[in-house]
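Along the sequence shown, residues carry numbers from 1. On a predicted model such as this, the values are computed, not experimentally measured, just so you know.
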Amino acid sequence: MSGEESVILVTGGSGLVGKAIEWVIENDKSEQFGKRPGEKWVFLTSKDGDLRKPDETKAIFEKYKPTHVIHLAAMVGGLFKNMKYKLDFLRENLLINDNVLEFSKQYEVKKVVSCLSTCIFPDKTTYPIDETMVHNGPPHESNFGYAHGKRLIDIQNRAYHEQYGCNFTSVIPTNVFGPHDNYSLEDSHVLPGLTHKCYLAKKNGTPFTVGGTGKPLRQFIYSRDLAKLFIWTLREYKEIDPIILSVGEKDEVSIKDVADAIVKAIDFQGDYSFDTSRADGQYKKTASNDKLMKYLPDFEFTPFDQAVKESVEWFVENFETCRK
């Protein structure tokens with residue numbers, strides 16, 4: 001990626017991961033992760049065009065003529081939305097991905113890194129899950145539309161590579177959190193949802209109640225750590241096969257650990273409990289980061305409590321304007 005001018009187009013540039021990549025590019029002073037001479041970074045939002053439509057996608061590629069693409073844009077939602085609108089999640093993501101990859105081929109983009117999700121893995125599997133297991137069985141019934149839409153990116157990447165020699169690859173992050181998250185009480189992921197809930201409990205002097213026992217384990221990755229790994233993948237990762245971007249199995253935390261970190265960061269002094277009548281969901285879905293560690297053995301992840309503190313501080317400062 002050195003030498004001539006590079007134009008890196010980031011789709012979904014206003015989301016959680018896009019904003020984190022923008023932050024790292026602007027603030028990291030290292031040669032490994034920071035902005036390099038001759039690089040022009042373009043962060044797209046939905047205002048720039050509708051990626052479901054070929055003519056609008058083509059117009060974006062014609063305007064910026066990217067040499068590299070980080071593809072984050074997707075139709076996303078929480079569990080309830082995924083269960084209700086399976087066809088929409090399948091079809092809209094198929095359209096977006098097909099347009100981005102096809103115009104990347106037509107405009108001779110040198111490399112595309114697309115973002116997948118751990119929900120693409122088979123429902124019935126052994127743990128820890130790794131990159132070789134993606135297509136070993138059907139995904140969970142609750143979000144099969146979204147999961148298959150994302151899975152097909154890996155199939156497209158392999159086909160574009162075999163037929164046209166395109167350098168299209170993908171990454172699979174675990175549970176991402178950080179500034180610019182979606183803090184909706186109904187339709188967000190667990191960490192931002194609990195952050196919003198705890199903030200309101202403190203503000204209103206009401207109890208903070210977490211659904212479930214707090215025992216399930218998850219691997220969380222701070223968006224700014226993930227952003228560095230995306231930049232590394234774009235610049236250095238040579239494979240077409242996907243790579244899991246995650247903290248290791250030893251860094252799994254329980255939902256109780258998450259709630260404790262949020263309570264500490266918000267300085268919540270009120271009544272705090274777990275509603276054990278509520279369902280817990282899957283106990284664990286551990287992903288292996290062995291492949292990543294072979295490539296980047298010295299990568300330092302931000303300690304979980306510090307990352308939660310930074311995320312919570314951002315949420316409190318931007319409460320009026322953030323997505324909620």
Side-chain angles (χ1 to χ4, degrees), residues 1 6-28 33-36 39-52 56-57 60-61 63-64 66-78 92-93 95-97 99-101 103-104 109 111-119 146 149-150 153 168-184 187-189 191-192 220-235 237 242-243 245-246 302 307 310-311 314-315 317-318 321-324:
M1 282 185 65
S6 297
V7 178
I8 304 107
L9 189 70
V10 182
T11 72
S14 60
L16 169 64
V17 181
K19 281 290 185 189
I21 293 173
E22 188 174 27
W23 187 90
V24 170
I25 285 299
E26 288 174 0
N27 293 281
D28 194 294
F33 304 119
K35 186 177 181 181
R36 292 179 178 175
E39 285 183 348
K40 179 187 172 193
W41 288 76
V42 178
F43 293 87
L44 294 179
T45 72
S46 51
K47 293 187 185 77
D48 291 292
D50 187 340
L51 296 173
R52 294 170 300 186
E56 294 193 28
T57 310
I60 288 167
F61 275 76
K63 179 178 178 181
Y64 294 109
T67 57
H68 300 75
V69 173
I70 293 180
H71 175 37
L72 308 173
M75 178 186 176
V76 296
E92 303 217 350
N93 285 307
L95 291 169
I96 291 168
N97 301 336
N99 287 331
V100 169
L101 294 178
F103 286 111
S104 291
V109 169
K111 187 166 181 180
V112 179
V113 179
S114 296
C115 191
L116 308 185
S117 160
T118 49
C119 77
Y146 178 76
K150 283 290 190 185
I153 291 180
F168 296 174
T169 189
S170 60
V171 301
I172 309 171
T174 45
N175 299 273
V176 192
F177 72 97
H180 300 275
D181 212 332
N182 172 9
Y183 295 90
S184 158
D187 202 39
S188 65
H189 293 123
L191 200 149
F220 288 92
I221 182 164
Y222 188 35
S223 58
R224 289 173 181 173
D225 292 344
L226 177 61
K228 290 178 180 178
L229 294 173
F230 253 104
I231 293 161
W232 169 81
T233 304
L234 185 73
R235 291 171 175 167
Y237 182 64
I243 183 167
L245 302 182
S246 176
T302 306
E310 288 178 18
S311 303
W314 183 90
F315 171 71
E317 281 169 23
N318 295 277
T321 54
C322 70
R323 283 188 294 166
K324 57 184 187 301

Hey, does the side chain of Thr11 reach the backbone of Leu72 with a donor-acceptor pair shorter than 3.5 angstrom?
yes
Do Lys111 side-chain atoms and Thr233 backbone N/O form a donor-acceptor pair below 3.5 Å?
yes
Expected output: side-chain Asn93 to main-chain Tyr146 donor-acceptor under 3.5 Å
no
CZ of Phe43 to CD1 of Ile25: how many Å apart, nearest 0.5 Å?
6.0 Å
Testing the basics here: between Phe168 and Leu101, what is the closest heavy-atom pair and its distance to 0.1 Å?
CE1-O, 3.6 Å
Any side-chain to backbone donor/acceptor pair from Asp181 onto Tyr183? Under 3.5 Å, distance only.
no
Is there a donor-acceptor pair under 3.5 Å between the side chain of Asn318 and the backbone N or O of Trp314?
yes
Spacing of Asp225 atom CG and Ile221 atom CD1 [to the nearest 0.5 Å]
6.0 Å
Return yes if some donor-acceptor pair links the side-chain N/O of Asn99 with the main-chain N/O of Leu95 below 3.5 Å, else return no.
yes
State whether the side chain of Asp48 and the backbone N or O of Thr45 hold a donor-acceptor pair below 3.5 Å, judged by distance alone.
yes
Quick check for you: to the nearest 0.5 Å, what is the distance between Asn175 atom CG and Thr118 atom OG1?
6.0 Å
Checking Ser311 now: which residues fulfil side-chain contact (heavy atoms from CB on, under 4.5 Å) with it, not counting sequence neighbours?
Phe177, Pro179, Tyr222
Could you state the interatomic distance from CZ (Arg52) to CG (Asn97), rounded to the nearest 0.5 Å?
12.5 Å
salt_bridge(Lys19, Glu22) N-O dist < 4.0 Å
yes
Expected output: side-chain Lys40 to main-chain Pro66 donor-acceptor under 3.5 Å
no
Does Leu51 offer a backbone N or O that forms a donor-acceptor pair with the side chain of Glu56 under 3.5 Å?
no
Assert yes or no for the condition that the ring centre distance of Trp23 to His180 is strictly below 6.0 Å.
no
Residue set satisfying salt bridge (charged side-chain N to carboxylate O under 4.0 Å, His left out) with Lys35, at least two apart, ordered chain then number -> none
Taking all atoms of both residues into account, what is the closest heavy-atom pair of Ser6 and Thr67, and its distance?
CA-OG1, 3.4 Å
